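Scroll down for the structure; my scribbles are underneath it.
This structure is a prediction, so every number in the text was calculated from the model and none was measured.
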Amino acid sequence: MWPKHVALGFAIALSVGFLLDRPAKAAPFLTDPFSSDLDLVVTDSANLNLVDGLTFDAFGNLYAALEITGAAGGVTHIDTTTGTATQLISGLSRADQIEITPPGDLYVTCEVGGTSTTNRLFRVDVTYDGANAPISAIATSITTGPDGINNPEGLVALTSNSAFGNAGDLFVAEDIAAGQIVRVTPGAADTGATTVWVDTAENLRRPEGLAFGDFGGAATAALYTAETTDNNILRIDENGNVSVFGDPGAVGLTSPDNVEFGPDGFLYVSEDVGGGNGRIIRIAPDGTHTVFAEGLDGPQGMVFDPVTGDMYISEQFTDSIWKVSTLSTPNVLTAAFAPDVTKINPGVTVNFTNQTDLFDGSGYTHDWTFGTGEGTSTLVDPSHQYNNSGLFGVGLIVTHPLDNDNEAKLGLIEVVDASLAAFLQDFAAVEQGGLVQFTDNSGGFIESWLWEIFYQEGGFALVHTSTAINPQFQFDDRGTYHVQLTVNNTLPGSGQDFTFVAGAVTVIPEPGTLLLAGSGLLLLTRRARRPSK
């Protein structure tokens with residue numbers, strides 16, 4: 001960035017207008033002019049002097065940090081429709097990177113040397129008008145501890161909980177050799193607990209921009225930083241392991257400054273190079289580096305409009321903002337969700353996962369209905385208990401200041417009664433060799449049946465089984481038989497039920513069997529046998 005490379009004499013020359021007569025540089029351009037449009041949004045030497053980091057808030061307002069040494073450094077708002085730049089706050093010496101957290105808080109790093117626990121990281125509280133346009137702001141120094149921060153530049157916020165930390169945690173890169181990368185957890189009373197994520201033992205040579213990403217799901221999520229002195233892009237995993245990503249030498253990467261993931265899944269890198277020789281480099285998931293834009297005079301901050309997908313680039317040495325239009329399909333809010341189960345028994349709690357792409361991580365509200373008339377929820381991922389049988393629809397409305405959408409799924413949750421085993425049979429008594437048809441009459445949702453026929457004569461023995469729904473059995477031997485039906489329901493909140501009917505079937509002698517008159521005894525003409533199916 002300019003203040004790092006401009007000598008004192010050069011600064012004096014600037015102050016007397018030494019560069020006013022230099023020839024105008026050619027306009028920057030995209031290497032593939034048919035892929036997108038590159039247009040100038042605004043040039044403003046007063047309100048965008050030494051413009052650096054960029055970010056959008058939840059209302060679609062674009063902010064820029066001004067890396068001016070002394071009281072003139074601060075934060076500017078850019079109206080992307082009119083191109084008007086308005087400085088909201090000053091007094092932030094060498095304001096560099098600016099970032100918004102999921103709760104909607106703006107933070108700014110001030111690239112001031114010397115390790116300190118104050119005046120290195122600031123929270124900016126913005127006041128808005130009725131149309132959600134910023135009208136003023138105040139900055140508060142965040143006291144970091146137990147460790148201070150030295151010459152911070154790179155800044156990125158976690159938008160969700162992960163192995164790196166919790167949503168809202170900040171990562172800060174120290175632009176020194178050897179620099180550190182520090183995680184800051186904002187706390188109460190304008191404090192921030194610091195944890196060194198990558199220490200000086202890694203010998204990071206001026207780490208600057210920071211970005212979290214997974215290349216649109218094509219890679220494992222990691223933290224990426226630009227190592228300015230060694231002209232590398234570094235990948236840092238959740239354990240703090242550092243490695244060079246891809247082959248920066250393929251494009252002659254020079255003084256990489258900021259890094260930012262685009263909605264197309266690629267990682268973009270700005271080069272801190274003046275004289276119209278600065279470029280934007282695009283890196284693919286496999287680490288391939290290509291040149292995306294050329295001819296820029298000190299490109300620094302980059303940010304993507306979370307709704308349109310347009311890319312904004314700050315050109316520090318001309319006090320300008322550029323826009324790359326139609327970089328990708330606009331990131332339109334689309335509500336989506338899924339339950340962990342759709343068919344249950346009464347009394348079961350269903351957990352819902354919000355699958356809406358929350359593209360900037362902040363400013364959202366969620367309104368859930370569960371079809372039971374027994375409560376709603378505003379949680380991101382709610383749960384709901386279903387106590388009565390029936391079909392229930394679920395609805396989700398996601399609202400953002402820039403967009404809204406809803407999804408309704410009719411009859412999504414089916415609640416069925418618990419299974420109750422019961423059966424019917426066509427005969428209770430048959431002659432030897434006769435058939436009995438059994439019919440399942442169980443209630444609820446059943447997924448498996450087990451029929452067991454027991455015979456009792458001098459002992460209790462299992463003689464027939466079946467897993468059919470409605471089996472038929474043949475009874476060859478006389479006697480009394482007991483029947484048990486066991487039904488299984490594997491839905492959440494259910495289990496097994498059975499019914500046992502003693503003496504369900506009686507087998508009487510077949511015709512022609514001699515009976516002893518008057519005795520009440522049955523005289524068989526053949527030896528009794530075990531029944532067979």
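The two residues V269 and P256 make their nearest non-hydrogen contact at CG1-CB, 3.7 Å. In this structure, G209 and T225 approach most closely via the heavy-atom pair O-OG1, 2.9 Å. Taking all atoms of both residues into account, the shortest heavy-atom contact from N470 to D440 is OD1-N, 2.7 Å. W449 approaches A468 most closely through the heavy-atom pair CB-O, 3.8 Å. The two residues R235 and T220 come nearest to each other via the heavy atoms NH2-O, 3.4 Å. Across every non-hydrogen atom of A336 and E407, the tightest pair is CA-OE1, 3.0 Å.
Residues V436 and D426 meet the side-chain proximity criterion, which asks for heavy atoms closer than 4.5 Å. Contact annotation: the side chain of I181 approaches that of F171 to within less than 4.5 Å [non-hydrogen atoms, C-beta and beyond]. For the pair P339 and I413, the minimum side-chain heavy-atom distance is below 4.5 Å. V182 is not listed as a side-chain neighbour of D147, based on a closest heavy-atom distance of 4.5 Å or more. At a threshold of 4.5 Å between non-hydrogen side-chain atoms, the residues D32 and L30 do not count as touching. By the 4.5 Å heavy-atom criterion applied to side chains, L106 and Y63 are counted as neighbours. Contact check for V430 versus I508: no side-chain heavy atoms found under the 4.5 Å cut-off. V416 places a side-chain heavy atom less than 4.5 Å from the side chain of K343.
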Query - I313 and V324: CA distance, side-chain angles, deciding distance, side chain to side chain contact (heavy atoms under 4.5 Å, CB included) verdict - result: CA-CA 8 Å; I313 305 167; V324 181; 4.1 Å; yes
Requested in this report: Verify side chain to side chain contact (heavy atoms under 4.5 Å, CB included) between T109 and V172, making sure each step is shown before the conclusion.
Outcome: CA-CA 8 Å; T109 55; V172 177; 4.3 Å; yes
Report task. Would you sort out whether T372 and N388 count as a side chain to side chain contact (heavy atoms under 4.5 Å, CB included), showing the intermediate values? Result -> CA-CA 9 Å; T372 61; N388 301 309; over 6 Å; no
**Report entry** F473 vs F454, ring-ring contact (aromatic ring centres under 6.0 Å, His included): CA-CA, chis, key distance, verdict
**Finding:** CA-CA 12 Å; F473 295 102; F454 298 93; over 10 Å; no
Requested in this report: Start with the C-alpha distance between Y312 and F56, add both sets of side-chain angles, then the distance that settles ring-ring contact (aromatic ring centres under 6.0 Å, His included), and finish with yes or no.
Outcome: CA-CA 10 Å; Y312 289 83; F56 276 97; 5.6 Å; yes
Query raised in the report: Stepwise, does the side chain to side chain donor-acceptor pair (under 3.5 Å) test hold for Y364 with N354?
Result: CA-CA 12 Å; Y364 295 89; N354 192 333; over 6 Å; no
Query raised in the report: Should F164 and F212 be marked as a ring-ring contact (aromatic ring centres under 6.0 Å, His included) after you check the CA-CA gap, both sets of side-chain angles, and the distance that decides it?
Result: CA-CA 10 Å; F164 288 89; F212 276 107; 5.0 Å; yes
Requested in this report: Begin from the C-alpha positions of V126 and V124 and carry the test side chain to side chain contact (heavy atoms under 4.5 Å, CB included) through to its verdict.
Outcome: CA-CA 6 Å; V126 179; V124 177; 4.2 Å; yes
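Residues D340 and N351 have side chains that bring a donor and an acceptor to within less than 3.5 angstrom of each other. Side-chain N/O atoms of S377 and H384 include no donor and acceptor closer than 3.5 Å. The closest side-chain donor-acceptor pair between D476 and Q474 falls under 3.5 angstrom. No side-chain donor-acceptor contact under 3.5 Å links H289 and D247. Donor-acceptor pairing under 3.5 Å is lacking for the side chains of N489 and Q496.
Between the side chain of D405 and the backbone N or O of A335, at least one donor-acceptor pair lies under 3.5 Å. Looking at N232, its side chain never comes within 3.5 Å of a backbone N or O of L234 through a donor-acceptor pair. Using a distance-only test at 3.5 Å, with no hydrogens or angles considered, no donor-acceptor pair links the side chain of N258 to the main chain of M302. In this structure, the side chain of E260 does not engage the main chain of A211 through any donor-acceptor pair within 3.5 Å. In this structure, the side chain of E208 does not engage the main chain of A173 through any donor-acceptor pair within 3.5 Å. Using a distance-only test at 3.5 Å, with no hydrogens or angles considered, no donor-acceptor pair links the side chain of T185 to the main chain of D169. No donor-acceptor distance shorter than 3.5 angstrom exists from the side chain of D305 to the backbone of G309, with no hydrogens or angles considered. Side chain of S442 to backbone of A422: a donor-acceptor contact under 3.5 angstrom is found. A donor-acceptor pair under 3.5 Å links the side-chain atoms of D79 to the main chain of T81, judged by distance alone. Listed for the N161 side chain is a donor-acceptor partner under 3.5 Å among the backbone atoms of A167.
How far CG of L121 is from CD1 of I142: 6.0 Å, rounded to the nearest 0.5 Å. Distance check, rounded to the nearest 0.5 Å: CD of E99 to OG1 of T101 gives 8.5 Å. Expressed to the nearest 0.5 Å, how far CD1 of I233 lies from CD1 of I281 amounts to 9.0 Å. From F500, atom CZ reaches atom OG1 of T486 across 10.5 Å, with rounding to the nearest 0.5 Å. Interatomic distance, CD of Q432 versus CZ of R478, reported as 8.0 Å (0.5 Å rounding). Atom CG of N61 and atom CG of N132 lie 7.5 Å apart (nearest 0.5 Å).
Seen from the ring of F266, R282 counts as a face-on cation partner, given the 6.0 Å and 45° thresholds. Both the sub-6.0 Å distance and the 45° axial angle are not jointly satisfied by K409 relative to the ring of F392.
Checked against a 6.0 Å centroid threshold, the rings of F475 and Y481 count as neighbours.
Classification of the F352-W368 ring pair by plane angle, with boundaries at 30° and 60°, yields tilted.
Ion pairing of D125 with R123 is present here, as a side-chain N (NZ or NE/NH1/NH2) and a carboxylate O approach within less than 4.0 Å.
Between Y268 and the choices Y224, F215, F304, F261, the ring pair (Phe, Tyr, Trp, His ring centres under 6.0 Å) rule is met once, by F304.
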